[in-house]
Amino acid sequence: MRSSCRRHSLLVPVLLCACLVLVTQPTAAEGDSRDTEASGASEPGPRVARLHQEAAVATQQYELVRRDAKARRAEAQRLEKLLARERKQMKTLHQDLGRVARARYREGGGLPSTMRLLLADSPDELMRGHRVVWQTDLAVDQKVSRNLRAEARLAADEKQAAAEWRKLQRRNAELARTKRVIEKKLEEARWSLQRQADASAAAGACRKATRLDQPDTGSKRGWVAPVERYVLSARFGGGGAHWANGHTGQDFAVPIGTPVRAAGEGRVVQVSCGGAFGIQIVVRHADRHYTQYAHLAGVAVNPGEQVAPGQWIGQAGTTGNSTGPHLHFEVRNTPELGSGIDPVPWLLKHGVKL
């Protein structure tokens, strides 16, 4: 009985300790989560993705203002030409008026009306002459007034267009400076990300997935190109010193850190580092094909995760057997190398034209 009591007395502290452990575990997990988020915030991957977006927006704004400034400048030049033509017409009109005035003076236009009445062959003839002169003067005055108004209007419009053009030029200069600052920061962040990726690839051990702020995909398309903006480089089946039996995928030349998108809905079956492909991701799709994304500088997903079309799953880089920043994209019948098919017609079959 005493032995049983001792066992019970020992059991109580053990149970209390276990309860404390169970209670404190979620708090520790929350702390780990916060630490992960804090470390993720300082990671170069998300910074590169954010700066990549900022640079794209700055470039778009710069181009919009540049085109607007170009249009304003063209309008100012058009108005300058119209104003020059109007002033030329006014000069011609003034010259014509001078010639008419001199001719009328020579013909007696300087004589008093009474004297011209006495010298006229008939009063009717004189009145007709007066009417013709009056009508001519009125028409000339109206034309002069119209030209003066047109000249003033064109001068005001030209002045406004020139002022707007100068304002847009100043705005574009500001945007150009902002764009250069962002691009400089982006370039530094890109190479920081690449150095980190090179270290992971050399060690053959992938870092934890770094989550990226996902873009608004808009329309929920079934399939998309693996990167948004690109230049197609090495094609499927092409020869070269870097491939033993021809190129096994389609290369997309893009800068380091460019967000890489899941081509379609699927599940991540592999995330690996090291070897010829460097950092790579393989996704299995519902049609039983696999897509591979290689030479990455970072990953944003873990094995087993479900991905949506257009979701950012990683960032392009130049790890592994790579001669420069690009995404190596493959479509395979199996998750393994050697079962690849040409990605271009496969994507076209799914409604994606490269």
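Keep in mind the model is a prediction, meaning the values are calculated, not measured. Each residue takes its place number in the sequence, starting with 1. The analysis underlying the following values was restricted to heavy atoms, covering all of them including side chains, and did not include hydrogens, waters or symmetry mates.
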If we only count heavy atoms from C-beta on, is the [X] to [Y] side-chain gap below 4.5 Å?
X	Y	value
Leu327	Pro226	yes
Thr248	His328	yes
Leu212	Ile313	no
Gln194	Thr319	yes

Apply the test side-chain contact (heavy atoms from CB on, under 4.5 Å) to residues Arg73 and Leu168: give CA-CA distance (whole Å), side-chain angles for both, the deciding distance (0.1 Å), then the verdict.
CA-CA 10 Å; Arg73 181 56 178 161; Leu168 287 168; over 6 Å; no
If you look at every heavy atom in [X] and [Y], which pair is closest and at what distance?
X	Y	answer
Asn302	Ala209	OD1-CB, 3.4 Å
Ala316	Ala297	O-CB, 3.5 Å
Gly257	Leu193	CA-CD2, 4.0 Å
Leu79	Ala161	CD1-CB, 4.1 Å
Gly310	Val224	N-CG2, 3.6 Å
Arg190	Val48	N-CG2, 3.7 Å

Determine whether a donor-acceptor pair (N or O, by modelled atom type, separation under 3.5 Å) exists between the side chain of Gln315 and the backbone of Gly45.
yes
Test item: Ser192 side-chain N/O and Glu188 main-chain N/O as donor-acceptor pair under 3.5 Å
no
Is it the case that one hydrophobic cluster holds both [X] and [Y], taking links as side-chain heavy atoms less than 4.5 Å apart, direct or via other members?
X	Y	answer
Val299	Val307	yes
Val227	Leu354	yes
Leu347	Leu232	yes
Val352	Val283	yes
Ile182	Val254	no

Cationic N near anionic O, under 4.0 Å, Lys184 to Glu187:
no
Tell me whether Glu54 is salt-bridged to Lys185, with the criterion being a basic N under 4.0 Å from an acidic carboxylate O.
no
Tell me every residue that passes ring pair (Phe, Tyr, Trp, His ring centres under 6.0 Å) with [X], counting only those two or more places apart in sequence or in another chain.
X	answer
Tyr230	Phe252
Trp346	Trp223, His289, His350
His326	His295

Going by atom type alone, with no hydrogens or angles, which donor-acceptor pairs under 3.5 Å involve a side-chain atom of residues 258-282 and a protein atom two or more places apart or on another chain?
{"from": "Thr258", "atom 1": "OG1", "to": "Pro255", "atom 2": "O", "distance (Å)": "2.7"}
{"from": "Arg261", "atom 1": "NE", "to": "Ala225", "atom 2": "O", "distance (Å)": "3.1"}
{"from": "Arg261", "atom 1": "NH2", "to": "Ala225", "atom 2": "O", "distance (Å)": "3.1"}
{"from": "Arg267", "atom 1": "NH1", "to": "Gly304", "atom 2": "O", "distance (Å)": "2.7"}
{"from": "Arg267", "atom 1": "NH2", "to": "Gln306", "atom 2": "OE1", "distance (Å)": "3.0"}
{"from": "Gln270", "atom 1": "NE2", "to": "Ser272", "atom 2": "OG", "distance (Å)": "3.2"}
{"from": "Ser272", "atom 1": "OG", "to": "Gln280", "atom 2": "NE2", "distance (Å)": "3.1"}
{"from": "Gln280", "atom 1": "OE1", "to": "Gln292", "atom 2": "NE2", "distance (Å)": "2.6"}

If you round to the nearest 0.5 Å, how far is [atom2] of [Y] from [atom1] of [X]?
X	Y	atom1	atom2	result
Arg78	Asp157	CZ	CG	8.5 Å
Asp68	Lys70	CG	NZ	12.5 Å
Glu336	Tyr290	CD	OH	9.0 Å
Ser200	Lys208	OG	NZ	13.5 Å
Arg332	Thr291	CZ	OG1	9.5 Å

Audit row: Glu63, Gln60, side-chain contact (heavy atoms from CB on, under 4.5 Å) steps and yes/no
CA-CA 5 Å; Glu63 288 301 320; Gln60 185 180 33; 5.9 Å; no
For residues 172-179, tabulate all N or O donor-acceptor pairs below 3.5 Å that involve a side-chain atom, not counting sequence neighbours.
{"from": "Thr178", "atom 1": "OG1", "to": "Glu174", "atom 2": "O", "distance (Å)": "3.1"}
{"from": "Lys179", "atom 1": "NZ", "to": "Glu183", "atom 2": "OE2", "distance (Å)": "3.1"}

side-chain contact (heavy atoms from CB on, under 4.5 Å) between Gln250 and Phe236, worked out:
CA-CA 5 Å; Gln250 172 64 59; Phe236 179 80; 5.6 Å; no
Only pairs at least two apart or in different chains count here, so list each ring pair (Phe, Tyr, Trp, His ring centres under 6.0 Å) that has a residue in residues 182-203.
none
Cation-pi check, Arg72 to Trp165: give yes when NZ or CZ is under 6.0 Å from the six-membered ring centre and within 45° of the ring axis, no otherwise.
no
Crowded around Asp213 CG? As in, over 12 foreign heavy atoms under 6.0 Å?
no
Test Gln214 against Gln311 for side-chain contact (heavy atoms from CB on, under 4.5 Å), laying out the working first.
CA-CA 7 Å; Gln214 294 297 321; Gln311 179 180 334; 3.5 Å; yes
